[in-house]
Amino acid sequence: MDKVYQHKSVEEKWYKIWEEKGYFTPKIDKSKKPYTVLLPLPNANDPMHMGHALFTVEDILVRFHRMLGEPTLWLPGGDHAGIETQFVFEKKLAREGKSRFDFDRDTLYRMISDFVDQNKNINRDQMKRLGFSLDWTRYHFSLEPKIVEKVLATFQKLHHDNLIYRAERLVNFCPRCGTAFSDLEVNHEERSDLLYFIDYGSIQIATARPETIFADVAVAVNPKDKRFKKAVGKTAIIPLINKEIPIISDDAIQIDFGTGALKVTPAHDQVDYEIGLRHKLPVISTIDRFGRFIQVPQQYKGLKIAAARKMIADDLEKAGKLVKTEPLIHTVSICYRCKGTIEPMLMPQWFVKTKPLAEPAIQAVKKGRTKIVPAKRFEKLYFDWLENIHDWNISRQIVWGPRLPIWYCLDCNLELEISFIDSKGQKVSGTYKNLSDKYAFEEIEKGLQSIIAPLDATYSLTSGPCKTCGGNHILQETDTFDTWFLSGQWPLTTLDFPDGADFKYFYPTSVLDTLWDILFFWVARMMMFGLYLANDVPFRVIHLHSRVVDNHGQKMSKSKGNVVNPIEMVDKYGADALRFALVFGAAPGSDISLSEDKIRGMRNFSNKLWNIGRFLKMSSSSLSPQSSLSSSSSDKIMLSEFKKVHKKATSLIEKYQFGQAGEIIYEFIWHAFADNYIEESKDLLKENNTARLNTLLTIYQGSLKLLHPFMPFITEEINHSLFPNSDPLIISTW
RNA sequence: GCGCGCAUAGCUCAGUGGUAGAGCGUUUCGUUGACAUCGAAAAGGUCUAUGGUUCAAAUCCAUAUGCGCGCACCA
């Protein structure tokens, strides 16, 4: 054995052996209860970050249960990650001076697909570097035909059960990403803006968005506000266009904000939209899907929002209608992806009715069919969200994802709006009624970018000729599914629901371990889909771990420059050192701070472990083997100490207290075993006390097993070197 | 605004109703049958503050302060 542990060759060698021998692939044995974990599917083309490395927690669980003799499945996968991937790809296009609007959707889709394929295996190979004992024979990608087929079937079932509907709602639209989002994908940010006080003739209003005045349909005041008692029922005048609008009263208005009078703009604000519904007000949109001004006086047409705000504010001032401005600190909605401002926009979208799905998901946790760990912190969050859930907007106006299985007959829906690239490469858009004389259907279909069907459009859930008119001019909906609609069904689709052998054996899975930030996005949705489709929870336990932060408690991010690259650390200190550093001394549910110093410390531990092995190996080569154990009082103390550690570590792992389990094993090996027991043994070994050597070896091998789930490579290598006739640790008995 | 979490050694963090712990750092000593990626030892904390419960609180409760986070339609 080398004087210093050389991780590199050892890690490569053992991963290959484990994988080739099929140790990661469980045998279905109906007499035994399986242990199943699904890997939270990483974005297939994302390089690994520390968040992925934290899946070490899952490898510990999986290796532990495998050693307990349970048929153990840890199932890997890759996510197409709809908007995430398209966003990255569009940035690449932008660097080349192009945009997605330069391509028809089939071409764009193919380009993204190629881009993903080029990078698809990066993450997979990096998982292997960390020693993750994933069953690669069961790897799935979220856009595999078999997976998509099942997802579409779910949509059809939901539709059949009346849980899908299409509606025009004020949705969260990001003009930069060009798509609507669900409520979950919207973040909030505090901003410093101006509050504009504007003269509306008989009344003065205050607004942060003067550019939307042309979309105003009323001015609202609080019914309890004595100042405006007489104004209600009269009219106000929108400046610059001198349009008369009614003054109404509504409880939503805060008396002490601004002037106490709110301009009501239903098309561009959520609160105003609801006021509009209550008072049956019209809706006027003045901003389109690209964030440009429409239906406004000529000089403002086509302007972007920021430019329009400045110009309109200037014009108001010139007209003497801008009374004053005040600084305003308020929160605005921003896109979680590109950080741009979200524009509430009136658009037809596809929704899932979530209340009927949420109720069983709430009950399942209340009744303990699924346990959340740590419960104290996250159960309440889970219930709060599911109890207040809104319907789920599942349609995205991007190409990277499966299109909704909805087909429109153009001849039956002449008002359907189409955008496409014609045979000369020109962008064309308009209603089918206007386009059908000039363009052949085939040309439209070939260059198709997107369609927007009128709200009352008729549609079919299957492709093929129109069932009403028999026509063949059929286009499939261009909206694609929210990524989470696919990943929400991951336990079902990957295990081959409803009839697959894997599904019947491995479902429900044992533990779902993930970072808490996708509790709603992903975990709650899997609960809903699992119960809805399979009538059983997708997992018995939800284990939530926290994020990895730097050694100042700061979140790791590229812009802060504090990112620790896991693969770099593996190269430098070994996968085992990184793995142990990630779990050592970490409490469930709290942030895990990681520094290179800590990883180095754990590398030192692995070297210590190595040298214990080296010492024992040297000792055994000079002594003849003997089967009996020594039995002095210090031996007895040591053996019973080991048993205690074994028992304690077992129960800590069962309670998901990996940090503490790691600590007591570390403490035992380094201090109790090496510093005390080995030192004390040196004289005895000089006197050829083989019984003592046997005791040393027995306890050492036991310790290697305890440590194996945490540090799989080095323990396997030492075990093989010292005990060449015993089983590999990965399949040894705990 | 509502809700949640955290405040323990120089730094990063574990921990428990009953003489304060780890990793890293610091100081001193050490070439002992493996390991200097080591060993022996040491320094360093009124466990945020105040009040309460208790024989006993850093640990439970209340309030305050500071920091972090989640949710929310403040124009």
Side-chain angles (χ1 to χ4, degrees), chain A residues 1-5 170 183-184 186-188 193 195-198 205-210 212 216 219-220 252-254 256-265 268-275 328-333 344 374 376-381 384-385 388 516-517 519-520 546-547 549-555 573-574 577 580-581 583-619 622 657 659-660 662-664 666-667 670-671 674-676 678-679 681-683 685-686:
Chain A
M1 286 172 84
D2 291 327
K3 189 170 169 184
V4 170
Y5 171 58
L170 208 61
D183 296 337
L184 274 180
V186 176
N187 289 336
H188 301 274
D193 277 320
L195 187 63
Y196 297 78
F197 290 74
I198 303 172
I205 60 97
T207 181
R209 301 200 61 187
T212 63
D216 291 349
V219 169
I253 312 306
Q254 288 187 29
D256 54 3
F257 187 92
T259 64
L262 170 78
K263 70 187 207 56
V264 182
T265 320
H268 301 296
D269 186 279
Q270 191 63 44
V271 175
D272 296 13
Y273 182 70
E274 278 154 28
I275 293 173
L328 173 71
I329 294 169
H330 63 155
T331 49
V332 295
S333 300
K376 188 183 157 203
R377 186 126 151 238
F378 296 108
E379 262 185 10
K380 189 174 153 43
L381 266 183
D384 281 355
W385 187 70
N388 298 303
W516 53 260
D517 66 349
L519 180 63
F520 307 141
S546 273
R547 70 174 90 230
V549 296
D550 72 4
N551 56 349
H552 300 291
Q554 296 288 308
K555 190 182 162 183
Y573 301 110
F580 211 44
V583 295
F584 192 87
S590 64
D591 284 352
I592 295 156
S593 84
L594 186 75
S595 60
E596 189 161 342
D597 277 346
K598 189 172 180 188
I599 302 169
R600 193 185 302 118
M602 295 306 148
R603 186 274 316 264
N604 294 353
F605 174 62
S606 64
N607 193 55
K608 182 75 186 179
L609 187 75
W610 178 259
N611 273 288
I612 296 169
R614 186 157 165 259
F615 173 71
L616 293 177
K617 191 168 181 185
M618 283 161 70
S619 304
S622 62
Q657 314 231 357
Q660 277 202 82
E663 275 189 67
I664 65 163
Y666 175 102
E667 164 68 25
W670 198 320
H671 300 115
D675 292 345
N676 297 326
I678 289 186
E679 291 305 322
S681 301
K682 284 180 176 172
D683 287 339
L685 293 175
K686 263 184 211 157

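Note on naming: letters A, B, ... go to the chains in the order of the sequence lines (proteins, then strands), and numbering restarts at 1 for each one. Just the heavy atoms: all of them, side chains too, but no hydrogens, waters or symmetry mates, feed the values below.
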Between Y666(A) and Y5(A), which is nearer to the 5' end of RNA chain B once each is assigned its nearest nucleotide? Y666(A)
Residues in side-chain contact (heavy atoms from CB on, under 4.5 Å) with S333(A), at least two apart? V186(A), H188(A), I342(A)
Could you note down all residue pairs passing salt bridge (charged side-chain N to carboxylate O under 4.0 Å, His left out) where residues 598-619 of chain A supplies at least one of them, sequence neighbours left out? D597(A)-R600(A)
Output one letter per nucleotide in nucleotides 69-75 of chain B: B when a protein non-hydrogen atom lies under 4.0 Å from the base, S when only the sugar-phosphate is that close, - when neither is. -S-BBBB
Intermediate values then yes/no, side chain to side chain contact (heavy atoms under 4.5 Å, CB included), D183(A) and F520(A): CA-CA 11 Å; D183(A) 296 337; F520(A) 307 141; over 6 Å; no
Pairwise P distance for U32(B) and G23(B), with rounding to whole Å: 23 Å
What interatomic distance, in whole Å, is found between P of G3(B) and the corresponding atom of A42(B)? 50 Å
What contact category does Y273(A) fall into here, base, sugar-phosphate, or nothing, at under 4.0 angstrom with non-hydrogen atoms? nothing
Residues forming a side-chain contact (heavy atoms from CB on, under 4.5 Å) with D591(A), sequence neighbours excluded: S546(A), R547(A), V549(A)
In whole Å, what separates the P atom of A62(B) from that of C67(B)? 22 Å
Could you tell me if the side chain of L170(A) sits less than 4.5 Å from the side chain of D272(A), heavy atoms only? no
Name the nucleic acid region contacted by R614(A), choosing base, sugar-phosphate or nothing; use a 4.0 angstrom heavy-atom cut-off, strictly under. sugar-phosphate
Students often get this wrong, so: under 4.0 angstrom with heavy atoms, is D597(A) touching a base, only sugar-phosphate, or nothing? sugar-phosphate
If you take all heavy atoms of A577(A) and M602(A), which pair is closest and at what distance? O-CB, 3.5 Å
Grab the two heavy atoms, one from I612(A) and one from I678(A), that are nearest each other, plus how far apart they are. CG2-CD1, 3.6 Å
Could you work out the separation of G44(B) and G39(B) based on their P atoms and round it to a whole Å? 23 Å
Each base of RNA chain B marked ( ) or [ ] if paired in-strand (Watson-Crick or G-U under 3.5 Å), | if paired to another strand and . if unpaired gives (((((((..((((....[..)))).(((((.......))))).....(((((..]....))))))))))))....
Take atom P in G52(B) and the same atom in G66(B), then report the distance between them in whole Å. 24 Å
Taking salt bridge (Lys or Arg N to Asp or Glu O under 4.0 Å) as the definition, give me every residue that meets it alongside D193(A), ordered by chain and number, with sequence neighbours left out. none
Over how many whole Å does the gap from I664(A) atom CD1 to G23(B) atom P extend? 15 Å
Atom NZ of K380(A) to atom C1' of G3(B): distance rounded to whole Å? 6 Å
Of the non-hydrogen atoms in W385(A) and L184(A), which two are nearest, and what is the gap between them? CZ2-CD1, 3.7 Å
Suppose we screen for ring pair (Phe, Tyr, Trp, His ring centres under 6.0 Å). Which residues come up paired with F584(A), at least two apart in sequence or across chains? F580(A), Y666(A)
Which pairs, protein N/O on one side and nucleotides 39-44 of chain B N/O on the other, fall under 3.5 Å?
{"unit_1": "G39(B)", "atom_1": "OP1", "unit_2": "W670(A)", "atom_2": "NE1", "d": "2.1"}
{"unit_1": "G39(B)", "atom_1": "OP1", "unit_2": "D675(A)", "atom_2": "OD1", "d": "3.4"}

With sugar-phosphate meaning primed atoms plus P, OP1 and OP2, does K686(A) contact a base, only sugar-phosphate, or nothing at under 4.0 Å between heavy atoms? base
What does F605(A) touch in the nucleic acid at a heavy-atom separation under 4.0 angstrom: a base, only the sugar-phosphate, or nothing? nothing
Write out a two-atom table: protein N or O, nucleotide N or O from nucleotides 29-31 of chain B, distance below 3.5 Å.
none

With sequence neighbours left out, what residues match E667(A) under salt bridge (Lys or Arg N to Asp or Glu O under 4.0 Å)? none
How many Å lie between CD1 on I592(A) and C1' on G23(B), as a whole number? 15 Å
RNA chain B: 5'-proximal contact among R603(A) and E667(A) (nearest heavy atom): E667(A)
Could you work out, with side chain to side chain donor-acceptor pair (under 3.5 Å) as the rule, every residue matching D216(A), not counting sequence neighbours? Y200(A), K263(A), T265(A)
Of all heavy-atom pairs between W610(A) and D2(A), which one has the smallest distance, and what is that distance? NE1-O, 2.8 Å
Write down the atom of A206(A), the atom of T259(A), and the distance for their closest heavy-atom approach. N-OG1, 3.8 Å
Answer yes or no: does a side-chain N or O of N607(A) lie under 4.0 Å from OP1 or OP2 of C38(B)? no
Tabulated below should be each protein N or O lying under 3.5 Å from an N or O of nucleotides 14-18 of chain B; please produce it.
{"unit_1": "A14(B)", "atom_1": "OP1", "unit_2": "S590(A)", "atom_2": "OG", "d": "2.3"}

What is the distance, rounded to the nearest whole Å, between atom CZ of F615(A) and atom C1' of C35(B)? 11 Å
Can you tell me how far C1' in U53(B) sits from the matching atom in C11(B), rounded to whole Å? 36 Å
Taking all atoms of both residues into account, what is the closest heavy-atom pair of L519(A) and F378(A), and its distance? CD2-O, 4.2 Å
Should the side chain of K598(A) and the base of A22(B) be counted as holding a donor-acceptor pair, with the cut-off at 3.5 Å? no
Counting only N and O atoms by type, is there a donor-acceptor contact under 3.5 Å from the side chain of N611(A) to the main-chain atoms of K3(A)? yes
Looking only at atom C1', what distance separates U19(B) and G15(B), rounded to whole Å? 16 Å
U46(B) versus G10(B) - spacing of their P atoms, nearest Å: 9 Å
